[in-house]
**Q** 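First the structure, then my questions, so here it is.
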Amino acid sequence: MFDSQEELLRRIHTDLMDGYDEELEMEMEDRVEEPQDAEALMQHKAARQQYFRELFRLQAELVKLQDWVVATGHKVVIIFEGRDAAGKGGVIKRITQRLNPRVCRVAALPAPNDRERTQWYFQRYAAHLPAAGEMVLFDRSWYNRAGVERVMGFCNDEQYEEFFRSVPEFEKMLVRSGIQLIKYWFSISDEEQHLRFLGRIHDPLKQWKLSPMDLESRRRWELYTKAKEVMLERTHIPESPWWVVQADDKKKARLNCIHHLLEQMPYGEVERATITLPERVRHEGYRRHQVPGEIHVPQVY
C-alpha cells in the first residue's frame with residue numbers, strides 16, 4: 001500500500017498536522033492585525049505559540065478526563081452563562097474539539113415553542129441531562145429565566161420568583177442523583193463587549209452571531225448587570241456554586257476555564273489495551289465496481 005515505512009510515517013504526520021490546522025482555522029475568528037514592529041511581532045508569535053502549546057496540553061488532559069468519565073460512569077453537567085459575546089461558544093468549541101460527541105455533547109436550546117411554554121419550566125432541559133459516562137455542556141441553560149427572560153419581560157414577577165424558589169431544589173436533586181453540576185459565568189467589560197459587537201457588525205462571517213436580542217442587550221447593559229447580581233446571589237449554593245471567568249482576553253479565558261474544569265474532577269489516566277491494526281482480508285473473486293462518473297463531486301480544488 002505504501003512504498004516504504006518512511007512514506008507511511010510521512011502520511012501519518014501529514015494527517016496529524018491536518019488536525020492541528022483545524023485548530024488554526026478556529027483561531028481565525030480571533031484574527032487581529034499582526035504588529036509591524038519586529039520586536040512586537042516576535043512577542044506576538046511567541047505568545048501564540050505558548051497559547052497553542054498549553055491548549056493542546058489541556059486538550060490532551062480532556063481526552064483523559066473523557067476516558068475516566070466513561071470508565072467510571074460519571075455524569076457531568078457544565079453550564080456556560082455570561083454576557084453576549086463573552087466567549088462562551090469559543091471555550092465550548094475548544095473543550096469539545098478533540099472529544100467523542102457521543103460522550104461529550106452540547107445542548108444549545110432555541111427559544112421555547114408554544115407547547116414548551118406550557119410545560120414545567122425545567123422539563124425541556126431535563127430531557128438533555130446525561131446518562132452514566134456522559135458530559136453535557138449547556139450553552140445557556142435554565143438560567144435564561146434569571147437573565148434574558150427577566151430583562152426582556154418574557155416572564156412575569158411570579159414566574160421569576162418561582163424560578164428562584166425552584167432552582168436550588170432542582171439542582172440539589174440533580175446532585176443527589178449523582179450528576180456533578182459545574183456552573184461558569186463569563187464576565188467581560190462594557191468596553192470589550194462594545195468592541196466585539198462592532199467586530200461582528202463589520203465581519204460578514206460573524207454577522208449571523210448578532211441577533212436583535214443581542215443588540216438590545218447593549219442598551220440594557222445595566223439591567224443585565226442587576227439581573228446577574230441577583231442571580232449569583234440567590235443561586236450560589238454549596239451543591240452547585242458559580243465560578244466567574246474573567247473573559248476580556250479570550251485566549252486566557254479559554255485556558256483558565258479548561259484548567260479549572262479539569263481540577264473539578266479526580267480523573268486519572270485509564271489504561272488502554274494495545275491496539276493492533278488487523279490486516280485486510282482479500283478474496284480472489286472480489287471485483288470492485290466502478291462508481292458512475294456523473295455522481296462524483298467535481299474536483300474544483
Side-chain angles (χ1 to χ4, degrees), residues 19 22-23 25-27 29 55-56 58-82 84 86-113 115-116 119-145 147-148 167 170-171 173-186 208-209 211 239-240 242-243 245 247 250 253-270 272:
E22 294 176 13
E23 181 67 36
E25 289 173 18
M26 290 173 66
E27 290 304 316
E29 70 181 44
L55 179 63
F56 292 150
L58 291 173
Q59 288 180 329
E61 292 299 312
L62 285 170
V63 172
K64 294 179 186 177
L65 172 64
Q66 170 187 254
D67 292 344
W68 176 83
V69 166
V70 172
T72 60
H74 198 53
K75 295 181 284 188
V76 188
V77 167
I78 310 167
I79 286 175
F80 294 87
E81 294 284 348
D84 294 315
K88 301 180 294 298
V91 74
I92 290 172
K93 287 178 184 177
R94 274 68 184 184
I95 290 172
T96 60
Q97 186 183 7
R98 316 284 179 192
L99 303 185
N100 184 344
R102 295 181 179 84
V103 175
C104 181
R105 53 189 168 83
V106 178
L109 277 61
N113 58 36
R115 180 175 181 275
E116 288 170 333
Q119 295 175 344
W120 175 50
Y121 178 70
F122 298 96
Q123 188 168 337
R124 71 193 193 111
Y125 295 103
H128 296 270
L129 294 174
E134 293 180 352
M135 302 168 59
V136 178
L137 283 56
F138 278 92
D139 186 354
R140 296 204 179 278
S141 65
W142 45 85
Y143 283 100
N144 276 340
R145 175 136 295 177
V148 63
V167 73
F170 175 65
E171 293 182 355
M173 288 171 61
L174 296 183
V175 174
R176 286 199 301 271
S177 77
I179 293 175
Q180 182 175 4
L181 180 58
I182 305 169
K183 303 187 299 195
Y184 289 113
W185 174 269
F186 280 69
W208 65 269
K209 293 185 177 184
S211 69
E239 292 82 356
S240 56
W242 279 101
W243 300 99
V245 180
K250 289 182 180 181
R254 292 167 192 159
L255 298 180
N256 288 331
C257 183
I258 297 173
H259 181 272
H260 182 270
L261 174 62
L262 290 166
E263 289 186 329
Q264 303 311 299
M265 284 165 270
Y267 74 96
E269 189 161 3
V270 176
R272 290 172 174 265

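Owing to the predicted nature of the structure, the values given are computational and were not obtained by experimental measurement.
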**Q** Taking the side chain as everything from C-beta on, heavy atoms only, tell me whether Trp68 gets closer than 4.5 Å to Pro266.
**A**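 They are in side-chain contact.
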
**Q** Looking only at heavy atoms, which two atoms of Ser240 and Glu171 are closest? And how far apart?
**A**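 Here Ser240 and Glu171 meet closest at OG-OE1, 2.6 Å.
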
**Q** Do you know the tightest heavy-atom contact between Ile182 and Gln264?
**A**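 Distance-wise, the nearest heavy atoms are CD1-CB, 3.8 Å.
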
**Q** Run through Leu261, Thr96, Val76 and flag the one making a side-chain contact (heavy atoms from CB on, under 4.5 Å) with Leu137.
**A**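 Going through Leu261, Thr96, Val76 one by one, the side-chain contact (heavy atoms from CB on, under 4.5 Å) with Leu137 is satisfied by Thr96 alone.
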
**Q** Inspect the surroundings of NE2 in His259 and state if more than 12 heavy atoms from other residues, nucleotides or ligands are less than 6.0 Å away.
**A**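 12 or below, so no.
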
**Q** Show the nearest heavy-atom pair for residues Glu239 and Val175, with the distance to one decimal.
**A**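 Closest approach of Glu239 to Val175, heavy atoms only: O-CG2, 3.7 Å.
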
**Q** Starting at CG of Leu181, measure out to CD1 of Ile79 and round the result to the nearest 0.5 Å.
**A**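 If we round to the nearest 0.5 Å, Leu181:CG and Ile79:CD1 are 5.0 Å apart.
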
**Q** Could you grab the distance from atom CE of Met135 to atom CD1 of Ile78, nearest 0.5 Å is fine?
**A**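 If we round to the nearest 0.5 Å, Met135:CE and Ile78:CD1 are 4.0 Å apart.
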
**Q** Less than 4.0 Å between a side-chain N and a carboxylate O, is that true for Arg140 and Asp84?
**A**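 Salt bridge between Asp84 and Arg140, a charged N being under 4.0 Å from a carboxylate O: yes.
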
**Q** Does any part of the side chain of Leu55, heavy atoms only, come nearer than 4.5 Å to the side chain of Ile258, both counted from C-beta?
**A**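 They are in contact (side-chain heavy atoms under 4.5 Å apart), so the answer is yes.
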
**Q** Check whether Arg105 reaches the backbone of His128 with its side chain - one donor and one acceptor, N or O, closer than 3.5 Å.
**A**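 It does hold such a pair.
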
**Q** Rounded to the nearest 0.5 Å, what separation is found between the CG atom of Leu65 and the CG atom of Leu58?
**A**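 Leu65 atom CG to Leu58 atom CG measures 11.5 Å (nearest 0.5 Å).
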
**Q** Measuring only between side-chain heavy atoms, which start at C-beta, is Val77 closer than 4.5 Å to Leu174?
**A**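 A side-chain contact is absent here, since even the closest heavy-atom pair is not under 4.5 Å.
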
**Q** If every non-hydrogen atom of Ala86 is compared with every non-hydrogen atom of Ala247, which pair is closest and at what distance?
**A**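 Looks like O-CB, 3.4 Å.
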
**Q** Looking at NZ of Lys75 and CD of Glu134, how far apart are the two atoms once the value is rounded to the nearest 0.5 Å?
**A**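 Lys75 NZ to Glu134 CD: 9.5 Å, rounded to 0.5 Å.
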
**Q** Is there a donor-acceptor contact under 3.5 Å linking the side chains of Gln59 and Gln97?
**A**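 On atom types as modelled, these side chains qualify, holding a pair under 3.5 Å.
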
**Q** Nearest 0.5 Å, please: how far is OH in Tyr121 from CD in Glu116?
**A**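 One finds 11.0 Å between CD of Glu116 and OH of Tyr121.
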
**Q** Ring pair (Phe, Tyr, Trp, His ring centres under 6.0 Å) between Tyr143 and Trp185: does it pass, once the steps are laid out?
**A** CA-CA 11 Å; Tyr143 283 100; Trp185 174 269; 9.3 Å; no

**Q** Phe186 vs Phe80 aromatic rings, parallel, tilted or perpendicular, using cut-offs 30° and 60°?
**A**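 It falls in the tilted class, 30° to 60°.
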
**Q** Is the closest side-chain heavy-atom distance between Lys88 and Tyr184 below 4.5 Å?
**A**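 Counting from C-beta outward, Lys88 and Tyr184 never come under 4.5 Å.
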
**Q** Between Gly133 and Val103, which heavy-atom pair has the shortest distance, and what is it?
**A**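 Minimum heavy-atom separation between Gly133 and Val103: O-CG1, 3.6 Å.
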
**Q** Does a sphere of radius 6.0 Å around CD in Glu269 hold more than 12 heavy atoms from other residues, nucleotides or ligands, not counting ones at 6.0 Å or beyond?
**A**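 No, the 6.0 Å shell around CD holds no more than 12 heavy atoms from other groups.
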
**Q** Any donor and acceptor pair, going by atom type alone, linking the side chain of Tyr125 with main-chain N or O of Leu109 inside 3.5 Å?
**A**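 A pair under 3.5 Å: no.
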
**Q** Show your working on side chain to side chain contact (heavy atoms under 4.5 Å, CB included) between Asp67 and Arg272 and close with a plain yes or no.
**A** CA-CA 9 Å; Asp67 292 344; Arg272 290 172 174 265; 2.6 Å; yes

**Q** Would you say that Glu81 contacts Phe138 through its side chain, given a criterion of any heavy-atom pair below 4.5 Å between the two side chains?
**A**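 When only atoms from C-beta onward are counted, Phe138 and Glu81 do not touch, as no gap falls below 4.5 Å.
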
**Q** Using a distance-only test with no angle check, is there a side-chain donor-acceptor pair under 3.5 angstrom linking Tyr267 and His74?
**A**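 No, no side-chain donor-acceptor pair sits under 3.5 Å.
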
**Q** To the nearest 0.5 Å, tell me how far Arg145 CZ sits from Phe122 CZ.
**A**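 That separation rounds to 8.5 Å.
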
